[in-house]
Protein chains: 2
Amino acid sequence: MATGRTHRPATRSRGIPEATVARLPLYLRALTALSERSVPTVSSEELATAAGVNSAKLRKDFSYLGSYGTRGVGYDVEYLVYQISRELGLTQDWPVVIVGIGNLGAALANYGGFASRGFRVAALIDADPAMAGKPVAGIPVQHTDELEKIITDNGVSIGVIATPAGAAQQVCDRLVAAGITSILNFAPTVLSVPDGVDVRKVDLSIELQILAFHEQRKAGEEASAPEEAAGAVPPPPVAPHRARPGAPGAPGAPGADSGRQGPDGDVPAVMPA
Amino acid sequence: MATGRTHRPATRSRGIPEATVARLPLYLRALTALSERSVPTVSSEELATAAGVNSAKLRKDFSYLGSYGTRGVGYDVEYLVYQISRELGLTQDWPVVIVGIGNLGAALANYGGFASRGFRVAALIDADPAMAGKPVAGIPVQHTDELEKIITDNGVSIGVIATPAGAAQQVCDRLVAAGITSILNFAPTVLSVPDGVDVRKVDLSIELQILAFHEQRKAGEEASAPEEAAGAVPPPPVAPHRARPGAPGAPGAPGADSGRQGPDGDVPAVMPA
DNA sequence: ATGTGTGAAGTACTTCACAGCC
DNA sequence: GGCTGTGAAGTACTTCACACAT
C-alpha cells in the first residue's frame with residue numbers, strides 16, 4: 001500500500017476500482033513476458049498464475065476495462081498489452097524528476113524499469129552544491145535552485161522524493177507549487193498536499209515492520225502459546241515511562257537499542273539531500 | 001501495498017486486521033516523534049493528523065490492541081510506543097540479510113531506518129566474486145556461496161532480495177531452503193514460496209504506473225471529455241498485432257518505445273547480482 | 001466537559017458459480 | 001467443451017455516532 005493522502009474519495013475514476021488499477025501493472029508485466037515469448041493468447045487461469053492472483057479476480061478486473069477476451073479461447077496477448085498500457089496512460093511519455101540524489105536517488109536514477117514503461121528521467125535534483133554537474137546514470141545533477149525552472153521547462157507532472165525526511169515536506173511544497181501533481185515519496189514522512197495532488201509512498205522500514213509482526217506470530221504459534229498468549233492484558237494503563245525492556249527472544253546480536261543516529265528515530269532516508 | 005502471496009487466508013492473527021497492522025508502523029513513527037519532543041499524551045485526533053489517517057480509524061485500530069487510552073484524556077505516548085513496538089515484534093532484534101548489492105542493495109544497506117527499528121543488517125550477499133570482501137555501509141559483502149551458512153549461523157529469518165529479476169526466484173528458493181520465512185522483494189517478479197513464508201514486495205515501476213493512471217485522468221478531466229471519453233469502446237477485438245500507436249499527448253521527448261534494454265521489459269532492478 | 005471504545009451502518013473488494021458465446 | 005463475463009453472495013475494511021469512563 002501506498003497512497004499517502006488524496007485517496008480520491010469516491011474516486012474510482014470512470015468506474016475502475018483502485019484495487020484493480022494497482023494490479024494492472026502486474027498483469028502488464030506478465031503479458032509483456034508472454035509477448036516476448038510470442039505467445040498469442042492466454043486464458044485467465046494462465047495469466048492469473050503468472051501474475052500471482054486468482055483467475056476470478058483477474059477476469060473481474062478486465063471486465064472493468066471492457067470485454068477484451070474471447071469466450072472459449074482467452075485473451076489476445078498483444079491486444080491486452082495495448083489496452084492495459086493505454087488505460088494506465090503508458091502510451092504516452094511521462095517525464096519525471098528525482099529530488100535527492102543520495103544512495104537511493106542514484107539507485108532510482110539507474111533503475112531500468114522506468115524507461116521501459118514510458119517514464120523518462122527528465123532531471124536529477126539535489127541540494128548539495130558539490131553534486132551539481134556530476135553525472136549520475138548519465139544525467140547531470142542539478143541544484144535545487146533550478147527546481148521550478150526544470151519542472152516548467154520540461155512539463156514534468158510526476159516527482160520522486162528521495163530526500164531525508166526533514167527536507168521532504170519542503171521539497172514537496174516546491175514541487176507542487178511548480179506544477180507537479182503526482183508524487184512518489186520515499187522519505188519516511190507524511191506529506192501534506194492540496195487536493196488534486198496524488199501521493200504514493202514507499203517506506204522500507206514499514207514493510208520490514210509488517211514482516212516482523214507476522215514473523216513474531218509464527219514464532220509464537222510454533223512454541224505454542226507462550227506467556228503473553230491468552231487474553232492476559234499486560235501492565236495496566238499506568239504508563240511505564242521511559243523503559244523499553246531488553247529484547248526477549250532472538251539469537252545473536254548485542255545492543256538491541258542500536259545506535260540512535262539522528263532525531264525522529266527514522267532518520268533520513270539514506271542519502272544527503 | 002505489497003503482500004506478494006501468502007495473504008494468510010483467514011489470518012487476522014489473533015484478531016488484528018492486516019490493514020491495521022500495516023498502519024501500526026505509521027502510528028509508531030508519529031508517536032516516536034512526539035516522544036522525542038517529550039509530549040506526554042495525545043488525543044486520537046492529534047495523533048491521527050500526525051499519522052495522516054482519520055481519528056475513528058485510529059481508535060478502532062488501537063481497540064484491537066486493547067484499551068490503552070484514557071477517556072477524556074487521550075493516550076499516554078510512551079506507553080503506546082511500547083505497546084505498539086511489542087505488538088509489531090520490535091522489542092526484539094531482527095537480523096536481516098540483503099541479497100544483491102547493486103545500487104539499490106547498497107542504498108538499503110545504508111538505510112538508517114533499519115537499525116532504528118530493531119532491524120540489524122547481519123550480512124550483505126552478492127553473486128559477483130569481485131564484490132566479495134568489499135565493505136558497503138561498513139559491512140563486508142560475502143559471496144552467494146556462503147548464503148546458507150550465513151543464514152544458519154546468524155539465525156536470520158528475514159531476507160531482502162534486491163537482485164535483478166532473473167535471479168530473484170532462485171535466490172528466494174535458497175533463502176527459503178536455508179530457513180528464511182519472511183522476504184521483502186524488490187525485484188520485479190512474482191515469487192512463489194511455500195506456505196508459511198511471507199513475501200512483501202516493493203515495486204518502483206508499479207507505483208509510478210499507478211500515478212500515471214491518475215495523472216492521465218486528471219489531464220482528461222481538465223480538457224473535459226476528450227475523444228475517447230464517452231462509453232466509446234476502441235478498436236474491436238480483432239487484435240491489432242504488434243503496433244503500438246505513437247504517443248498522443250505529452251510534451252517533449254521522442255521515442256515512446258524507449259530503448260528496450262533486456263528481456264522482460266522490466267529488466268533487472270538496477271544492479272548486478 | 002472531553003475524548004475513548006465500540007456496535008451498527010456503509011463502502012470496497014473478493015470469490016463464487018453459472019449463463020452465454022465461441 | 002472451454003473459457004469469458006458478471007450478477008449475487010461473502011468478506012474485509014471504514015466511517016458514523018454515541019454510550020460511558022474520567
Side-chain angles (χ1 to χ4, degrees), chain A residues 1 3 5 7-24 26-27 40-49 51-77 79-80 83 210 233 236-239, chain B residues 1 3 5 7-24 26-27 39-77 79-80 83 210 233 236-239:
Chain A
M1 227 85 327
T3 312
R5 181 65 39 66
H7 234 346
R8 284 252 214 168
T11 284
R12 177 176 287 206
S13 326
R14 193 272 220 87
I16 302 180
E18 252 320 291
T20 295
V21 172
R23 279 187 298 267
L24 293 180
L26 229 55
Y27 301 144
T41 60
V42 248
S43 66
S44 60
E45 196 65 59
E46 295 165 326
L47 185 54
T49 303
V53 302
N54 93 29
S55 66
K57 196 188 287 187
L58 177 145
R59 286 201 301 281
K60 184 65 106 179
D61 283 343
F62 286 174
S63 79
Y64 292 117
L65 308 185
S67 288
Y68 296 152
T70 307
R71 291 168 197 237
V73 179
Y75 300 90
D76 179 283
V77 174
Y79 186 58
L80 243 196
Q83 290 299 349
I210 296 171
V233 180
V238 191
Chain B
M1 161 170 341
T3 312
R5 180 66 39 65
H7 233 347
R8 284 253 214 167
T11 282
R12 178 177 285 207
S13 327
R14 192 270 221 89
I16 302 181
E18 253 319 292
T20 294
V21 172
R23 279 187 297 267
L24 292 180
L26 228 55
Y27 301 144
V39 176
T41 59
V42 249
S43 66
S44 60
E45 197 65 58
E46 296 165 325
L47 185 53
T49 302
V53 303
N54 93 29
S55 65
K57 197 188 285 187
L58 177 144
R59 285 201 302 280
K60 185 66 109 182
D61 283 343
F62 287 174
S63 78
Y64 292 117
L65 309 184
S67 289
Y68 296 153
T70 306
R71 293 173 194 229
V73 179
Y75 301 90
D76 179 283
V77 173
Y79 187 58
L80 244 196
Q83 290 299 347
I210 296 171
V233 181
V238 190

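All values derive from a computational prediction rather than experimental measurement. Lettering of chains follows the sequences in order, A, B, ..., and the numbering in each one begins at 1.
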Notebook entry, point to check: Does R23(B) have any salt bridge (Lys or Arg N to Asp or Glu O under 4.0 Å) partners at least two apart in sequence or in another chain, and if so, which?
Noted result: D61(B)

Protein N or O to nucleotides 16-18 of chain C N or O, pairs below 3.5 Å:
from: dA17(C); atom 1: N6; to: R59(A); atom 2: NH2; distance (Å): 3.4

Item checked: From dT14(D), dG5(C), dT14(C), nucleotide with atom closest to Y75(B) side chain -> dG5(C)

Item checked: Given dG5(C), dG5(D), dT14(C), the nucleotide with the shortest approach to the side chain of S67(B) -> dG5(C)

Next item on the list: Tell me which of V73(B) and S63(A) sits closer to the 5' end of DNA chain D, going by the nucleotide each one is nearest to.
Entry: S63(A)

Item checked: Minimum-distance nucleotide (side-chain atoms of S43(A) versus dT15(D), dT4(D), dT14(C)) -> dT4(D)

Next item on the list: Starting from P on dG3(C), measure out to CD on E46(B) and report it in whole angstrom.
Entry: 8 Å

Next item on the list: Measure the distance from OH on Y68(A) to C1' on dT6(D) and round it to the nearest whole Å.
Entry: 17 Å

Next item on the list: Starting from the 5' end of DNA chain C, give me the residue, F62(B) or D61(A), whose nearest nucleotide shows up first.
Entry: F62(B)

Notebook entry, point to check: From K57(B) NZ over to S44(B) OG, what is the distance, rounded to the nearest 0.5 angstrom?
Noted result: 13.5 Å

Margin query: Just so I know, are the side chains of F62(A) and L47(A) near enough to count as touching, which here means a heavy-atom distance under 4.5 Å?
Written below: yes

Next item on the list: Between dC3(D), dG5(D), dT22(D), spot the one nearest the side chain of T70(B), thanks.
Entry: dT22(D)

Note to self: Nearest whole Å is fine: how far is dG3(C) C1' from D76(B) CG?
What the structure shows: 15 Å

Item checked: Side chain R71(B) and base dT22(D) donor-acceptor under 3.5 Å -> no

Next item on the list: Quick one: pull up OH in Y68(A) and OG in S63(A) and give me the separation to the nearest 0.5 Å.
Entry: 11.5 Å

Next item on the list: Send over the distance from K57(A) NZ to dC13(C) C1', rounded to a whole Å.
Entry: 8 Å

Item checked: Distance in angstrom units between I16(B) CD1 and dA12(D) P, rounded -> 15 Å

Check: Rounded to the nearest 0.5 Å, how far does OG1 of T41(B) lie from OH of Y79(B)?
Finding: 15.5 Å

Margin query: If you define the side chain from C-beta out and look only at heavy atoms, does anything of L65(B) sit under 4.5 Å from I16(B)?
Written below: yes

Next item on the list: Find out whether E46(B) and Y75(B) are in side-chain contact, i.e. whether some heavy atom of one side chain is under 4.5 Å from a heavy atom of the other.
Entry: no

Checklist line | Between P of dT11(D) and CD of E18(B), the distance in whole Å | finding: 18 Å

